[in-house]
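Protein chains get the first letters and strands the later ones, always in sequence-line order, with residue 1 at the start of each.
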Amino acid sequence: MVDARTDSHVPALGGGGDAAAVDSRVRIGDLVLRNPVMPASGTFAEGLAPVVPFERLGALVTKTVTPELRGGNPTPRVCEVGQGMLNSIGIPSKGLDYFVAHTVPFYRQFSTPLVASISAPSADAFAAGVEKLAVPGVAVIEANISCPNIEEDGKAFAMDPRPTAQVVARMRRATTLPLWVKLSPNTGDIASVARAAADAGADALVVGNTILAMSIDIETFRPRLGNVMGGLSGPGLKPILVRMTYQCARAVSIPIIGCGGIATAADAIEYMLAGASAVQVGTATFVRPTAMLSVIDGLAAFCARKGIARVADLTGALHDTDMKVEAHDHDHDHMSEAVS
Amino acid sequence: MVDARTDSHVPALGGGGDAAAVDSRVRIGDLVLRNPVMPASGTFAEGLAPVVPFERLGALVTKTVTPELRGGNPTPRVCEVGQGMLNSIGIPSKGLDYFVAHTVPFYRQFSTPLVASISAPSADAFAAGVEKLAVPGVAVIEANISCPNIEEDGKAFAMDPRPTAQVVARMRRATTLPLWVKLSPNTGDIASVARAAADAGADALVVGNTILAMSIDIETFRPRLGNVMGGLSGPGLKPILVRMTYQCARAVSIPIIGCGGIATAADAIEYMLAGASAVQVGTATFVRPTAMLSVIDGLAAFCARKGIARVADLTGALHDTDMKVEAHDHDHDHMSEAVS
Amino acid sequence: MGQTISLQTVSPDDAPSPAAAVLPAPAADVLGVVVSHVWLNDEYRHLVLEAPEPAPLARAGQFFNLECPHTAEDKPYLRRPMSLYRADPANGIVEFLYKVTGVGTRGLASIKVGRTMRLLGPLGVGFSIDPAARSIVVLGRGVGLATLAPLAELAASRGVAVTAILSARTPATVMSVDRFAAIGARIEIVLDSDGSSDPANVERILRACAAEGRADAFYTCGSNRLMLLMQRLGRELSIPGEVALEQQMACGLGMCFCCVRNFSVGGDIEARRVCSEGPVFRLDEAMPW
Amino acid sequence: MGQTISLQTVSPDDAPSPAAAVLPAPAADVLGVVVSHVWLNDEYRHLVLEAPEPAPLARAGQFFNLECPHTAEDKPYLRRPMSLYRADPANGIVEFLYKVTGVGTRGLASIKVGRTMRLLGPLGVGFSIDPAARSIVVLGRGVGLATLAPLAELAASRGVAVTAILSARTPATVMSVDRFAAIGARIEIVLDSDGSSDPANVERILRACAAEGRADAFYTCGSNRLMLLMQRLGRELSIPGEVALEQQMACGLGMCFCCVRNFSVGGDIEARRVCSEGPVFRLDEAMPW
Ligand SMILES: Cc1cc2nc3c(=O)[nH]c(=O)nc-3n(C[C@H](O)[C@H](O)[C@H](O)COP(=O)(O)OP(=O)(O)OC[C@H]3O[C@@H](n4cnc5c(N)ncnc54)[C@H](O)[C@@H]3O)c2cc1C
Ligand SMILES: Cc1cc2nc3c(=O)[nH]c(=O)nc-3n(C[C@H](O)[C@H](O)[C@H](O)COP(=O)(O)OP(=O)(O)OC[C@H]3O[C@@H](n4cnc5c(N)ncnc54)[C@H](O)[C@@H]3O)c2cc1C
Ligand SMILES: Cc1cc2nc3c(=O)[nH]c(=O)nc-3n(C[C@H](O)[C@H](O)[C@H](O)COP(=O)(O)O)c2cc1C
Ligand SMILES: Cc1cc2nc3c(=O)[nH]c(=O)nc-3n(C[C@H](O)[C@H](O)[C@H](O)COP(=O)(O)O)c2cc1C
Ligand code: FES
Ligand code: FES
């Protein structure tokens with residue numbers, strides 16, 4: 001039984017070319033990744049090692065760590081909504097000291113660059129945390145700024161350009177490591193937030209995190225998450241976050257890493273055409289633990305079939321400016337059979 | 001073949017009660033509707049009359065009309081994305097004069113209250129339009145403020161509290177008709193926008209419009225909509241807009257009309273528990289033209305089974321404050337079989 | 001435009017009159033039962049449904065919005081529009097002929113005999129035949145021929161002679177020859193495989209029809225190029241015509257404005273909804289797509 | 001706690017040692033083929049799969065994360081966790097016994113013999129049996145019995161005697177009696193239908209086991225109340241024990257922290273992941289749910 005959840009239904013993504021000859025490498029600032037595919041923070045950990053060879057991934061991204069010990073949210077922490085899920089994990093964390101002492105060393109056995117995701121309740125705490133992460137084995141810092149800012153009444157940093165600029169600027173001064181900033185879709189103006197992050201010194205943007213959502217059990221009249229609200233992830237995010245990726249890519253000149261509902265190479269290609277230089281796979285790994293491997297292989301196969309030499313050439317290759325012109329250039333009976 | 005797209009899979013919504021004895025009426029301000037179910041603007045028109053008896057609906061809502069003639073967006077204007085769709089219709093409009101002369105009279109044959117949806121490029125134009133709608137047959141004005149505000153560089157009114165307050169206040173002075181304000185989910189802080197609209201004199205809020213999204217054809221490298229970006233509608237919106245309904249209901253004391261991905265009575269119940277007094281059904285009507293009728297019947301059947309006398313009692317009936325307490329009160333072996 | 005036979009003078013029952021275009025069609029969403037569903041070739045399938053009224057009352061050129069089944073691989077969300085291929089009101093039958101192209105039609109292709117499916121219709125404005133017409137020419141390609149077959153039968157039932165020019169890639173993909181043959185149409189098959197589908201050749205055939213007085217009206221469906229050709233000849237030879245158009249749809253009921261196409265009306269460009277103002281439009285006003 | 005037989009001294013092959021709890025299990029996502037799939041009663045189904053290694057190497061108390069098929073009505077998105085019911089490494093077989101409760105298990109129930117499905121596992125930390133134990137008591141209810149059946153067999157294979165207290169609503173829903181009988185377990189069936197499942201009665205049986213020296217360790221699964229009862233007696237009588245717990249899951253691999261439960265550890269409350277630190281935990285540390 002073919003399963004629509006993760007198999008690509010794009011007719012024959014591959015075929016008709018030599019996938020091995022395609023150059024899968026992509027560049028994010030000064031860093032060259034062997035391919036553009038990496039896990040999304042919070043959906044990946046040591047436990048995947050027996051199932052997915054970490055050496056095949058473009059990068060490894062840890063669960064967000066906070067400076068201090070944190071407990072996380074009440075259960076249930078997960079519920080299924082159609083073809084997607086809500087989570088309200090919160091950010092349970094053993095703290096940065098534990099992270100540096102135990103988590104980073106585990107990943108040193110792999111040559112794949114490690115991206116350490118960090119969060120904190122204030123710009124100062126973010127900066128202090130970022131300093132602690134300057135240890136061998138950490139290749140990149142990903143700042144998860146979708147978290148509440150205690151200096152702004154608990155509003156998430158990533159909701160507005162100003163707090164985003166402040167926290168990114170503080171982190172920028174605190175580290176020489178590449179600094180990726182992960183944006184939240186829970187904002188009305190992602191392009192302005194993206195510009196603020198880029199201007200404040202981010203090396204790349206991850207677009208983006210989950211969308212705040214809610215589900216109610218109509219039999220019990222109760223929220224289906226212990227925390228009432230939680231983050232929506234999975235396929236339903238894709239059209240929204242492809243749009244945000246597109247808007248951000250037009251707003252800034254630093255690389256964008258697309259994230260949200262990516263399960264297949266076709267999904268990844270959509271993000272790359274919209275302007276992403278790399279992609280993160282989250283919830284799809286829960287549904288098909290080897291999803292990232294299929295995305296990697298599918299990208300190369302697609303490029304081979306299309307005669308595209310480098311996967312990186314997909315980035316921003318969308319034809320979006322010439323729409324109306326070409327609609328008339330083309331003699332395409334696109335609704336029916338063309339007279340040859 | 002049962003179809004999961006529109007049939008409810010909540011085990012037996014109805015049964016075990018007399019649905020006919022349930023009072024389906026709901027109150028939105030001074031207006032009493034025979035039931036809480038109405039179409040969403042832009043997904044309903046005269047063409048549905050042969051398929052759905054308009055006298056059975058709670059209200060009728062027109063496609064948004066603009067003061068002036070407008071052409072709408074280039075085609076393709078629609079594309080399917082998973083279990084949902086994108087549209088970039090734009091707001092083609094024959095203008096308010098045509099609307100008052102032709103559309104309103106058509107609906108006068110029905111006793112169901114007519115909600116006239118209006119949009120305009122400035123607060124003044126909104127106010128002038130609202131004045132023109134003070135004609136017999138128009139029971140309510142629904143202001144679609146998700147449109148670009150020419151005085152704010154094309155940013156939609158509904159993105160921020162300030163322009164929302166301005167435009168609503170202007171309209172409020174221009175009409176004595178009930179004024180519903182339809183919010184956009186493309187904002188980071190829907191509760192503040194809701195408060196702004198309520199404080200400026202809205203009689204009810206519709207939560208909400210489509211979410212801006214994008215889809216790319218990876219074979220042609222082109223956007224799948226002629227307008228590049230468009231609005232996402234359908235089931236995928238539900239968890240996001242249920243959350244926004246919940247947030248708005250806690251932020252304001254005027255009624256909320258929930259909208260987004262409602263296809264079944266179960267969906268409508270979720271919105272009502274979250275705080276909605278009524279609901280709008282949009283895209284589901286395309287998939288199943290009689291969807292609104294199933295929602296109406298299903299609501300009554302559900303209340304009958306649950307021993308709830310009035311559908312209106314569902315509004316805000318969510319148990320959300322006592323989560324942790326009850327988790328321990330209950331001796332529920334909820335994961336397995338309970339010892340009786 | 002100086003048309004000798006005006007489309008404004010057609011009989012009321014099948015006229016695309018302003019009234020018909022504005023008033024909702026008497027459509028209903030009914031449950032049909034599949035009584036036959038066969039492959040005609042690698043790509044085309046013929047679907048026969050038993051369905052309650054008003055479905056079997058559909059007229060040539062009208063269409064239905066079909067709820068396509070989900071399969072493990074394909075989960076079409078919106079309905080898919082399909083032209084009426086044949087309606088048999090006496091036996092409560094409606095038929096469709098479709099090409100399997102994507103998610104929706106693959107889903108449709110999965111439905112088995114005996115299963116039910118929902119169909120919304122009949123929708124839209126069908127073809128009209130001027131009562132003064134004696135002889136018409138229908139020109140179609142691919143599945144477009146499926147749309148023209150019931151028109152040819154309607155014409156024949158009124159004693160109007162039909163010339164059917166059937167264009168296809170290969171002999172295997174010429175649709176409905178039997179239907180056209182059964183009503184005694186003069187049939188011209190033009191193929192890509194032997195070069196006869198070349199527009200120049202089709203033009204030669206059309207001009208011959210006109211010269212022989214067998215072209216009181218033109219009808220076309222299924223190809224942009226053939227539509228343009230027929231439109232040009234229609235204008236030149238003052239032959240009125242109709243074209244059945246397609247556009248992505250959502251509601252099928254004139255509500256959503258997804259399905260607009262531009263038309264050239266007295267020098268102006270006007271957007272019209274294919275589902276409710278069409279899908280059959282005046283040939284002279286159609287624009288290439 | 002003064003336990004006479006400590007769970008810290010178990011043999012390494014099945015120990016829930018800190019190492020085992022931290023190191024990833026040797027899981028793989030494999031494709032199994034359904035070789036049998038029958039209804040045991042109105043609610044319970046027994047699924048037998050032929051699957052490549054490491055699946056059939058699973059141990060009692062471990063589980064798999066199953067990709068449940070979609071049907072026209074039910075489209076489960078996430079996987080569903082299911083305990084191992086039986087593993088037969090020699091023949092490459094893994095078996096599950098499950099209750100049809102919702103979207104996922106309805107989807108699972110639709111799979112036909114001969115079809116394939118993906119299963120991720122073996123996952124988590126299974127039961128441990130102290131090498132010094134001679135006689136254990138397993139107490140389960142509902143599908144919880146399915147989780148205990150392979151434990152009873154593991155015990156028997158080591159010469160450990162088993163008393164199995166099987167709780168159910170009615171005689172028809174007592175699971176796996178044959179499995180327990182086959183290894184010569186002393187079987188006590190307690191039912192809601194005759195009142196024998198009353199906690200007071202179960203307590204009497206457990207105390208009798210302890211008094212007769214047949215309770216070197218307690219094991220339970222499937223009921224909060226029975227867990228609390230066994231925990232209380234275990235503390236009172238200094239009998240160590242283990243409990244197999246459940247929690248909503250997403251990844252099954254210890255990555256997402258969806259599946260935490262609280263445990264009482266030396267006076268502190270500690271959250272642990274059921275999927276990777278369990279699903280089998282020390283009975284004395286478990287908390288009611
Ligand atoms: C009035 C009308 C009558 C039609 N009659 C027939 C017929 O008799 N036989 C036949 O084979 N085809 C007919 N078509 C075309 C048919 O609707 C499309 O082939 C079909 O929708 C393709 O859907 P898909 O999901 O299989 O293909 P995809 O290409 O995967 O479709 C993707 C999306 O585009 C839309 N779409 C694609 N092509 C069309 C199209 N031509 N028209 C409208 N929407 C489209 C679909 O609705 C879908 O949302 C007709 C179209 C219209 C508008
Ligand atoms: C380690 C483990 C082993 C299990 N072993 C068995 C077994 O051998 N036999 C058996 O019948 N059941 C077992 N269960 C329970 C089984 O996983 C649930 O009954 C099943 O997930 C219900 O899914 P559903 O979609 O059919 O039901 P629904 O109630 O519709 O599920 C809704 C959601 O809740 C989650 N969920 C519901 N109940 C549970 C649960 N108890 N545990 C985890 N998630 C849940 C589902 O994943 C889903 O996301 C086990 C659970 C765990 C955690
Ligand atoms: C269970 C779960 C936990 C997550 N935890 C984090 C986290 O700790 N930090 C973070 O930046 N994002 C976190 N996310 C968000 C993901 O990294 C990702 O941005 C989001 O899920 C969208 O991608 P997807 O649709 O591919 O899952 C989490 C998501 C899920 C589902
Ligand atoms: C084709 C289409 C056209 C729409 N046009 C309008 C409109 O003119 N005015 C408006 O306020 N909302 C419009 N909407 C938004 C809907 O009213 C509704 O808010 C949205 O689709 C979410 O509901 P749904 O998921 O039930 O469709 C339109 C939606 C669709 C799909
Ligand atoms: S398809 Fe909705 S107006 Fe034509
Ligand atoms: S299910 Fe993901 S950590 Fe347990």
| message | On a heavy-atom basis, which atom in A:H319 and which in B:P223 lie closest, and how many Å separate them? | response | O-CD, 3.2 Å

| field | Least distance between heavy atoms, B:I218 atom then A:K306 atom | value | O-CE, 4.0 Å

Measure distances from [X] to the heavy atoms of chain B and classify the residue's part below 4.5 Å as side chain, backbone, both or neither.
{"X": "A:L232", "result": "side chain"}
{"X": "A:L314", "result": "side chain"}
{"X": "A:T220", "result": "backbone"}
{"X": "A:L86", "result": "side chain"}
{"X": "A:A156", "result": "neither"}

| field | Closest-packed option against chain B by number of heavy-atom pairs under 4.5 Å, given A:I211, A:D217, A:L237, A:V81 | value | A:I211

| field | Inter-residue atom distance B:L225.CG - A:D320.CG, 0.5 Å rounding | value | 13.0 Å

| said: For the OG atom of A:S215 and the CZ atom of B:R243, what is their distance to the nearest 0.5 Å? | reply: 13.5 Å

Side chains of [X] and [Y]: does their closest heavy-atom pair fall under 4.5 Å?
{"X": "B:D189", "Y": "A:M159", "value": "yes"}
{"X": "A:M272", "Y": "B:I216", "value": "no"}
{"X": "B:M214", "Y": "A:E270", "value": "no"}
{"X": "A:I240", "Y": "B:L212", "value": "no"}

| Angle class for the A:F302/B:F221 ring planes (parallel below 30°, perpendicular above 60°, tilted otherwise)? | parallel

